[in-house]
Structure formats: C-alpha cells, structure tokens
Amino acid sequence: MDLAGTTERAAVGQTEPLRRHRGGRPMGGRRRAGFVFSLPVILLVAGLLVLPIGQTFYYSLTSWDGITSTWVGLDNYRQLFSDSTFWQVLANNGILLASIPLAILIPLLVAFLLNERVLGWRFFRSVYFLPTAISWVVIGMVAIRFFASEGILNNVLRTIGLGSVHTDLLSGEFSAMIAVIITFIWSVFGTNTIIFITGMATLDREVYEAARVDGAGAWSIFFFVTIPMLMRFIQFAFILTLITAFTALFSLIFIMTQGGPGFATTTLEFFVFEKAFNNGVFGLAAAIGVVLFAIVFAIWIVQFRILRSRTD
Amino acid sequence: MNRTRRRLSRMAMFVVLCLVVVVMLFPFYFMTLTSFRSYDQYLAGSGFSLDSWAVLFDTIPVLRELFNSTVVTVGAVLIILAVSTTGGFAFAKLGYPGSAVIFLLLLAGMMVPVQSIIIPEYVNVSGFGLINQFQGAILVYAALGAPFATYLMTTYYRGISNELIEASLMDGASYLQIFMKVMLPLSVPAIVTVAVLQFIQIWDDLLIGLLFLQTPEVRTITVGLATLQSSRMVNIPALMAGSLVSALPAIIVYLVFQRHLVRGLTMGMGK
Amino acid sequence: MVYRRFAAVAFASAIVASLLAGCSGSSSPSPSAAASAVPAASTTASASAAAPATAAPPVAISLWHNYGTEANATATENLVKGYQALHPNVTINIVSQPANNYFDLLKAAAISKTGPCLATQWTGLFTLQNKAYLEPLNKYIPVATLKQFKGVEWGSDNFNADSGVYVVPLEMQTYNGFYNKDLFAKAGITALPTTWAELEAVDKKLKAAGIQPFVYGTGAQGLTAGFYPFYDLSYMMMMVQVSDWKKLYTGELPWTDPSIKAQLDKWVALKANGYTNTDVLNDTESWSQFLAGKAAMTLEGTWAISAAEKALGDKVGVFAPPFSDQPIKGIVEFPGDGFAMTSYCPNKDVAADFLAYMATPDAQKIIEDAGLIPGLQGTSTNDPLAKALLSFGADQGFTRYPMIDNVMQPEVADTAGKVLVAAFAGTMSTQDALQKMADALMQLPADRRSPSGYK
C-alpha cells in the first residue's frame with residue numbers, strides 16, 4: 001500500500017477502504033460504524049458552525065443591524081466591489097499572502113540547524129514554541145516599542161554602528177505593513193519550526209548519505225533533497241500559516257496600527273470587524289466574510305493542486 | 001582541517017540559535033519588567049514596585065476568572081478530542097457514501113473568520129438561553145476547533161496500518177472495541193498535540209468570551225484583562241502583570257506535554 | 001489496559017465537566033430576578049434625597065460600565081455606595097466591561113436580555129444609535145430635574161430634553177490643551193496664543209529655546225497605535241457655529257469645502273514645520289514625555305488632569321488650542337458619558353431612582369471627590385485646572401462645543417480617524433483625506449444623512 005499516496009488522497013477526502021475479508025463483519029457494518037462514529041463531529045459542526053455560516057451567507061444578501069434585516073440582494077457585494085478601500089484591503093491581503101513563503105522558509109532553515117543536533121537543541125526547541133502562549137495584545141505592544149522611533153530596533157542599529165539608518169516603520173504606509181509582517185512571521189515561527197523539526201526527524205538518513213556520497217553540497221541537499229521530502233509538512237504549515245494570516249491577525253493589527261496609516265494595514269478580516277462592529281453594518285460585514293472565505297478556500301484548493309503534482 | 005571547519009560552523013549555528021532565543025523571549029522580559037513598576041514608575045521609565053500586581057488583583061477577580069477559563073477551555077478541549085478522535089477514525093478508516101464530501105466541508109469550516117459568523121451564532125445560542133452559561137461558550141469553542149482537530153486526527157489515523165484493524169475484525173472485535181483498544185492508544189501523541197494547540201487558542205480568545213460570558217462570575221481571564229482598559233486610559237503595568245498570569249497555564253501545559261507534542265506532529269505528518 | 005481507562009475517563013470527564021459547568025455557571029443574576037417586587041418599592045421616582053423605603057422588599061439590579069481603572073470607575077462605585085446607604089433594600093451590582101466592543105456587547109445583551117438595568121452610554125449620536133434598547137426617562141424623573149444637568153440635551157432624543165432624555169450625564173468633560181508653564185517661561189512666552197499666527201510665533205520661540213513645542217502620540221491611552229485626531233478636529237471646526245455642525249452631518253457643508261481644507265493645511269503644517277515629534281503615529285510614550293517636560297504642549301482631556309497635576313504640580317496649565325484665524329472663542333465642554341436605563345429592565349422605578357439620585361448635592365460631591373468635574377448646574381470644582389477649564393465657558397464667554405466625534409456618523413468618524421492622522425503624518429494629502437471623509441459620508445444611504453437623524 002502506498003502510504004504517501006494515501007495521505008494525498010486522504011487530504012482531499014478519499015478513503016482507502018479496508019479490504020474485504022473472509023468471515024467476521026459484513027461490509028455494511030463498516031459503513032454504518034463509520035456513519036455513527038462521524039456523527040458527533042458532524043452534529044456539532046453542523047449545528048454550531050455550518051448553520052451560522054449559512055446564516056452569514058444569507059445575511060450578506062440583506063441589510064442588517066443586528067436586530068432587523070431587509071433583503072437587498074447583491075447590493076452589499078455591489079457596494080463592496082465599488083469601494084476603492086476594499087480593493088486596497090484586498091491588496092493588503094495579497095502582500096500578506098506573498099509573505100507566507102518567508103514565514104515558512106525561516107523556520108525551515110532554523111529547523112535544519114536544529115536537526116544538525118547542535119549543542120542544546122532540545123532547549124532551543126522548547127524555547128522557540130513558548131511565544132505561542134503570549135497573547136496578541138502583548139505581542140502588539142512589544143512590537144510597537146520595537147519599531148518605534150526611539151525603539152529597540154533603532155537602538156540596536158545604533159549600537160552596531162548603523163545609526164545613520166534610522167527607521168520609523170510604523171509611520172509609512174508600506175513600511176507599516178512590513179512591520180506587521182515581520183511581527184507575524186515572528187509569531188508563527190515557533191509553531192512552524194516544531195512542525196519542520198519533527199518532519200526532518202522522520203526523514204530517512206540514508207537518502208542524505210547517498211546524496212553526500214554523490215558529491216552534493218549542503219545547500220543543494222537542502223533544496224533538492226530535504227524540501228521535496230518535507231512537502232507534506234510544508235503543506236500543513238502553509239495551510240496553518242495562511243489561516244492564521246487571514247483570520248487571526250485581528251488583535252495584532254488592532255494594537256499595532258489600528259489598520260493604518262490610512263488603510264495600509266487593514267486586512268479583510270480587520271475590515272469585517274470595522275464594518276460589523278464599529279459601524280453596525282452587519283450585512284455588509286457578512287458579505288466581506290463570504291469573500292474572505294471564498295479567497296482562503298480558493299487558495300487552499302490551488303496550493304493542493306500545485307503541491308500535489310510535485311510529489312506525484 | 002575539516003574537523004575545525006565543522007566545529008566552527010557548529011559554533012556559528014549555536015550562536016545564531018542563541019540570538020533567536022533572545023528574540024523569541026524578549027516579550028517575556030518586557031512583560032516581567034513592566035509588571036513590577038507602579039503606573040507612575042512606568043510613565044517615568046524606571047523603578048520597582050508591587051503596586052501594579054495589587055491593582056491587578058484589586059480590579060479583577062483573578063482567581064475566579066482563571067477558574068472560569070480553565071473550566072471553559074478544558075471542557076471545550078475534551079469535547080473537541082471526543083468528536084475529533086471518533087470522526088477521525090470514521091473518515092480515515094470507515095468510509096461511507098458521501099464521507100469524502102462531508103470531510104471536505106468540515107475542512108472548509110476552518111476557513112471562516114469568527115467575526116463573520118459570531119452574530120448569527122450569538123442569536124442562536126441566546127435562543128437556547130445559553131448565554132452566560134459555561135455550556136454555551138464550551139459548545140461554541142468546540143465547534144470552532146473541531147474541524148482543525150478532525151483534520152489532524154484523520155491524517156494521523158490514515159497512517160495506522162489497516163492490517164492491524166483487519167486482524168482485530170477477524171478476531172470478532174466490534175468497531176467500538178477497535179476504537180478503544182487499538183486506535184486511541186496508538187494516537188496519544190496526536191491527541192496531546194490537538195489538546196495543547198486548542199488549549200492555547202481557546203484560552204487566549206477574546207471575542208467569544210466577551211459576548212458569551214458577560215459577567216465576572218463566568219468571565220474568562222482574557223476578557224477580564226481587557227477590563228483594565230477604558231477608552232481613554234489603560235494601566236499598562238497592571239495589564240502586563242495580568243498577561244503574565246494568563247500566559248502561565250498555557251506555558252505549563254506546553255512544557256508538560258511537549259515530548260508528546262513533538263511525537264504527535266511527527267507521526268501525524270510523516271506517514 | 002491503562003489506555004482504555006484513560007479513554008473512558010476522558011469521555012466521562014467531558015460529560016461531567018459540562019454538567020458541573022452548567023451548575024456553577026447558572027448563578028449569574030438575571031434581570032428577571034425580583035421583578036415582582038418592584039411595584040411595592042418606591043413608586044414616586046422624584047428627585048431629591050428620597051426617604052429610605054422602610055420594610056421594602058430587596059431588589060437587585062445591575063449596572064455595567066466600561067471605565068476600566070479610571071476615576072469614573074471610582075465615582076461609580078461611590079455613587080452606588082451612597083445610594084445603597086439611603087436605600088438599604090436595593091443592591092446594585094456593578095460590572096466592569098471591556099471598553100473595546102462595549103456597545104456591541106450591550107447590543108448583544110439586549111438581544112438576549114441578559115444585559116443590565118443601567119449602563120454607561122456615550123452622548124451625542126452614540127446615544128441615538130443605541131436608543132432602540134434604551135428607555136426615555138421623562139416618565140420617571142421630572143424634566144426640570146433632568147434639565148439641571150448641563151448638556152443633557154446631547155443625550156436626548158432629537159437632542160432635545162423634552163423629547164426624551166436617555167442619558168443622565170456623569171460628569172463634564174473637556175478636550176483641551178495642556179502646557180508646561182516652566183518651558184513657556186524659559187522661552188520667554190508671556191501670553192497664551194489665541195490664533196494660528198500667535199501659535200506660530202510661540203512655536204518659533206520654543207524651538208529657538210531648544211524646546212519641542214508639541215508632542216503627539218497615543219497619549220494617556222498608551223495601548224493601541226495612533227493618536228486620536230478628534231481633539232484637534234473639534235477645535236479646527238470651531239470656525240463655524242455649534243448649530244452649523246449639523247451641516248457637516250448632512251453634507252450641506254461638505255468635508256471637502258475649501259475653508260475646511262485651509263484649516264487642515266495649517267494644522268498639518270505644525271508637523272511639517274517641525275513643531276512636533278516625528279513619530280506621531282506610534283509614539284506610545286507621548287504622554288509621559290509631556291509629563292517629563294520633553295515637550296511644551298499636548299492635547300488631551302479632563303481625564304488626564306490628575307496625572308498632569310501629580311507629575312507637574314502647578315507647572316502645568318490648560319488652554320484652548322488656537323486653531324483659528326480669529327482669536328479662539330470656543331471650548332469643547334461636553335458631558336461625554338453618563339448612565340442610561342435599558343428598555344428591558346424589570347425594575348425601572350428603582351433604576352430611575354438611582355439616576356435621579358445623581359442630581360443630589362451628595363452625589364455631585366461624590367463625583368467631585370473622585371476627581372471629575374460635576375455636571376450639574378451651579379456646582380463648582382476645587383481643582384485648579386478643572387476650574388480654569390470651566391471658566392472659559394462660564395466666565396470668559398467661550399462657546400461650549402460638543403466633542404465632534406460624538407456628533408459624526410460612525411462611518412465618517414472611523415474614516416476620519418484614519419485619514420486625518422495619515423494627513424498629519426504626511427503620508428496622505430489633506431485633499432485626499434477630506435475626500436475620503438466626504439466619500440464615506442456620501443456612501444451612506446440618505447436617511448443616515450438627513451437632518452431628522454441629527455437629533
């Protein structure tokens with residue numbers, strides 16, 4: 001049985017069926033058991049997740065203030081797509097998306113280092129995951145002080161002699177986005193590093209030896225051997241990072257930049273919050289939520305096709 | 001010559017990793033330092049005082065809210081584990097017509113931002129009278145975390161060889177027995193992984209806690225910390241003290257289970 | 001096997017935990033508690049220190065606020081204590097709620113009827129937005145009493161107390177400038193500036209003496225990024241009369257009007273000419289920098305008075321930011337927040353009685369002792385800075401303006417909050433900023449811009 005292929009097909013929901021066997025249970029029993037076992041999660045998610053999602057889809061076609069709703073059809077979407085701010089926000093999500101490879105590459109490199117079993121690697125591994133336990137509020141606060149004009153970054157630059165390079169990242173539109181992205185990469189670093197360390201630990205060392213015997217240098221081993229073999233992990237980390245970036249950065253942005261300067265660091269998720277909660281226009285907010293969901297879903301499907309064809 | 005080169009490069013790696021540690025742990029340093037200043041000392045930029053810790057414990061019922069957070073988080077995590085292990089078993093090994101589609105839809109549930117669905121969710125839960133009840137929040141958290149957990153468990157279970165299951169079937173075991181005696185024991189690392197990740201996420205959540213648990217008797221610590229702010233002023237040192245207190249349980253959970261965590265992610269992905 | 005037991009225990013605990021949770025979680029007092037006991041309690045909800053209701057059945061109501069650790073929280077607690085002393089049968093549960101999302105929480109609580117009887121409300125358009133779940137007080141408290149509160153019309157339907165008062169103001173607040181007297185003296189400044197031109201002169205003198213004139217940043221709030229541009233905007237818009245601010249609401253005076261742009265240009269020039277710090281968008285230490293004497297002036301409000309006095313003593317003074325071509329004659333003096341009664345409160349008489357109690361001299365003293373400026377006509381304050389602020393309107397004939405963010409549509413205010421700071425920081429032109437604000441206004445449906453909505 002090809003386990004690698006199994007995982008691929010599994011990820012898109014196809015099951016490797018148990019073989020028919022002589023004696024024992026009939027096949028129908030397996031199906032029924034499957035249904036019964038999956039019932040709890042189906043009921044839970046259907047009632048408390050799918051239902052509100054469906055309601056959100058419905059409300060996106062209405063004008064709703066939380067109490068009364070009136071049908072407006074595609075008006076919300078029309079208003080959304082003709083709002084120039086929406087396209088700017090979309091572009092911000094694009095920039096965020098483009099930064100995800102970096103959020104994967106850096107932990108990959110560090111995991112590579114750790115895999116070399118440098119002194120104290122177990123300690124490092126423990127420590128790197130700890131920031132995951134810190135709330136976004138604190139991370140945002142520290143980030144502001146880090147990037148501030150009289151902040152830590154500039155202090156460090158001064159002490160290493162680059163005092164002429166004075167930064168004020170949070171004041172500029174594009175640079176504020178950079179600051180947010182740097183903070184975001186920092187915060188997912190721990191999780192992704194752990195994912196890759198464990199991934200590397202499962203790799204067959206023989207392949208490495210064979211490559212080294214063939215005369216490959218460290219970098220080419222990294223790019224042509226390690227990365228392809230880690231593809232499943234990279235995929236997993238990509239999804240996790242993507243979902244975090246698009247649906248969980250709200251608090252960070254709220255503290256760090258409030259979505260500004262202007263709308264420079266407003267992502268779709270933040271935009272939802274603004275419309276829904278600040279302005280009470282829940283119908284429009286629902287529409288934005290639908291759009292966001294569609295985008296994440298599309299990216300997911302796309303990255304599946306891409307990475308799948310590489311490993312087959 | 002080669003040995004020296006190797007040693008040098010390993011030392012360089014070590015230095016790099018140490019620098020990374022500094023970068024990673026800096027916020028803890030900041031939190032601790034700031035929490036031991038009074039508000040005036042914080043504005044002034046120096047000083048040591050236990051004032052802000054006093055303000056923290058005076059302003060919010062820290063212990064009560066830590067308890068509430070624990071109840072809600074542990075409750076939700078237990079439910080998530082229960083449904084994701086059973087569901088994972090079903091989707092991984094016990095396919096039935098339509099299960100593939102259902103699985104896909106389940107995964108799609110991971111991709112919806114909470115802000116979008118929170119209002120219909122609130123109205124629904126309120127209709128059942130479960131606002132300000134632990135069960136309401138627990139169920140909502142469980143439903144939100146179930147897709148990711150089921151995804152992980154399903155992937156993990158696929159890696160368990162079918163022969164094992166078929167052998168048990170031939171011995172006449174029921175699927176329930178197979179689940180309890182074969183699947184669960186083998187999946188302890190994955191279970192721990194799910195538990196730790198979900199624990200942290202639920203513990204730190206603000207929005208659902210705010211709306212579904214509105215009063216201090218049932219409020220979580222994360223929401224409680226938010227009451228240290230008003231629209232015009234915030235007592236930052238007290239907030240830092242509170243953040244430290246709030247971060248502790250998650251850190252403890254992680255450190256205790258970290259060995260299993262690593263194994264869980266390995267087994268889940270590697271097969 | 002160990003694992004089997006583990007699994008069994010896990011499943012069992014899940015169920016037990018939920019059950020336990022259910023038991024301990026249902027102890028929250030619901031508003032429908034002692035509903036039937038109401039009619040027996042005080043039927044006359046008239047003002048003045050009512051005689052304690054003897055042998056009245058116990059009543060419990062809740063009060064939500066979002067004051068955090070501010071002085072307002074202390075004032076609230078002491079007011080409740082004072083009232084409970086007079087009415088021993090009444091218990092008012094005070095719940096502090098997070099300031100962020102506070103109004104959404106109230107809305108949600110109104111839907112599920114799990115909210116309080118009394119809640120902090122902001123005045124101006126905020127009140128009107130939330131009036132769906134608020135109860136007009138005119139039936140419970142005589143209008144004459146209510147009108148004793150200065151600015152009570154801003155918390156009323158149609159901005160007219162006779163139409164129905166929703167919010168009883170807790171305090172009087174101002175937006176104002178603080179300045180460091182020592183630094184001014186050092187630069188040889190003898191009189192406070194009253195026009196743009198005089199401000200320019202003052203700034204130049206300060207710079208010549210090596211002093212940074214203004215500091216902008218997150219201010220006393222210190223947590224989230226960005227500065228709050230509405231102190232400045234309020235003073236910039238004093239070039240029109242109070243009643244004409246309605247035209248900003250309806251669009252009759254568009255945000256892109258050249259007169260507004262002229263004001264904005266002069267304001268933005270403050271930073272461009274180097275009279276402020278450069279990191280206006282993310283200086284989280286701006287308030288402590290002012291307190292430490294690193295800058296001569298900053299904009300804040302009454303809530304910052306006690307910190308200012310603590311740090312600078314009598315070296316700090318207050319002024320009205322002179323963002324005007326003619327000598328400035330306006331001060332933002334406004335009852336920004338107070339308490340309102342919800343429409344689903346089951347003990348309305350008791351709740352209204354508490355609100356009436358706030359008009360008593362005892363209550364006003366409690367408010368003043370907490371460091372706030374009492375909001376009733378005829379009250380005064382002992383705090384020197386607060387006195388100075390009140391005297392602008394009371395003695396010097398300044399016009400009292402509301403806080404402009406309380407009378408703008410939230411969508412426009414949100415946009416303004418972003419684009420004005422961007423313009424000040426120099427990353428956006430004033431033209432673009434005003435255009436975005438005008439767009440935000442015009443995108444609203446007509447009923448959100450109609451004169452009938454500005455009340």
Side-chain angles (χ1 to χ4, degrees), chain B residues 39-40 42-45 55 59-60 67-68 71-72 74-75 78-79 81-82 85 119 122-123 125-127 129 131-139 179-181 184-186 188 191 206-207 210-211 213-218 223-236 238-239, chain C residues 1-4 6-8 10-11 13-15 17-18 20-22 24-30 62 64-70 72-73 93 95-102 104-105 108-109 111-115 122 219-223 285 287-288 291-292 300-301 303-304 307 310-311:
Chain B
Y39 186 59
D40 299 320
Y42 166 73
L43 287 178
V55 168
T59 317
I60 62 181
F67 172 76
N68 295 340
V71 169
V72 170
V74 170
L78 286 176
I79 295 185
L81 289 178
T85 46
I119 298 156
Y122 184 85
V123 174
V125 173
S126 156
I131 301 295
N132 285 341
Q133 310 284 329
F134 285 139
Q135 303 96 307
I138 289 178
L139 286 174
F179 178 68
M180 305 280 274
K181 291 191 182 161
L184 275 189
L186 283 179
V188 167
I191 288 177
L206 183 59
L207 193 59
L210 173 68
L211 294 178
L213 298 169
Q214 299 166 349
T215 56
E217 289 89 22
V218 293
V223 176
L225 288 183
T227 64
L228 286 172
Q229 274 174 268
S230 77
S231 52
R232 309 238 194 245
M233 304 188 62
V234 60
N235 189 329
I236 289 190
L239 185 60
Chain C
M1 267 203 310
V2 172
Y3 290 119
R4 177 167 169 205
F6 167 86
F11 281 109
S13 341
I15 301 172
S18 315
L20 272 180
S24 44
S26 55
S27 59
S28 53
S30 63
S62 353
W64 287 9
H65 72 77
N66 62 350
Y67 293 134
T69 52
E70 267 193 85
N72 300 45
N93 290 317
V95 177
S96 166
Q97 295 290 0
N100 292 324
N101 302 329
Y102 173 72
D104 305 303
L105 179 58
I111 294 176
S112 56
K113 307 262 191 293
T114 50
W122 292 349
Q221 193 250 74
L223 186 62
E285 317 293 324
W287 181 236
S288 32
L291 295 178
E300 269 299 336
W303 52 88
K310 230 192 226 171

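What you see is a predicted model; the values in this text were computed from it and never measured.
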Least distance between heavy atoms, C:Gln97 atom then B:Gln214 atom: NE2-O, 2.6 Å
For C:Ser96 and B:Thr227, which heavy atoms make the closest approach, and how far apart are they? O-CG2, 3.4 Å
Would you mind checking which part of [X] comes under 4.5 Å of any heavy atom in chain B, side chain (CB onward), backbone (N, CA, C, O), both or neither?
X: C:Ala108; result: both
X: C:Ala109; result: both
X: C:Leu105; result: both

Heavy-atom proximity to chain C below 4.5 Å, by part of B:Leu213: neither
Value rounded to 0.5 Å, distance of OG1 in B:Thr215 from CG in C:Asn93: 9.5 Å
B:Ile119 side, atom CD1; C:Asp104 side, atom CG - distance, nearest 0.5 Å: 7.5 Å
By side chain to side chain donor-acceptor pair (under 3.5 Å) - contacts of C:Trp64 (at least two apart): none
Most chain B-contacting option - heavy-atom pairs closer than 4.5 Å, from C:Glu300, C:Lys310, C:His65: C:Lys310
For C:Ser112, the option from B:Ile131, B:Val125, B:Asn132 that meets side chain to side chain contact (heavy atoms under 4.5 Å, CB included): B:Ile131
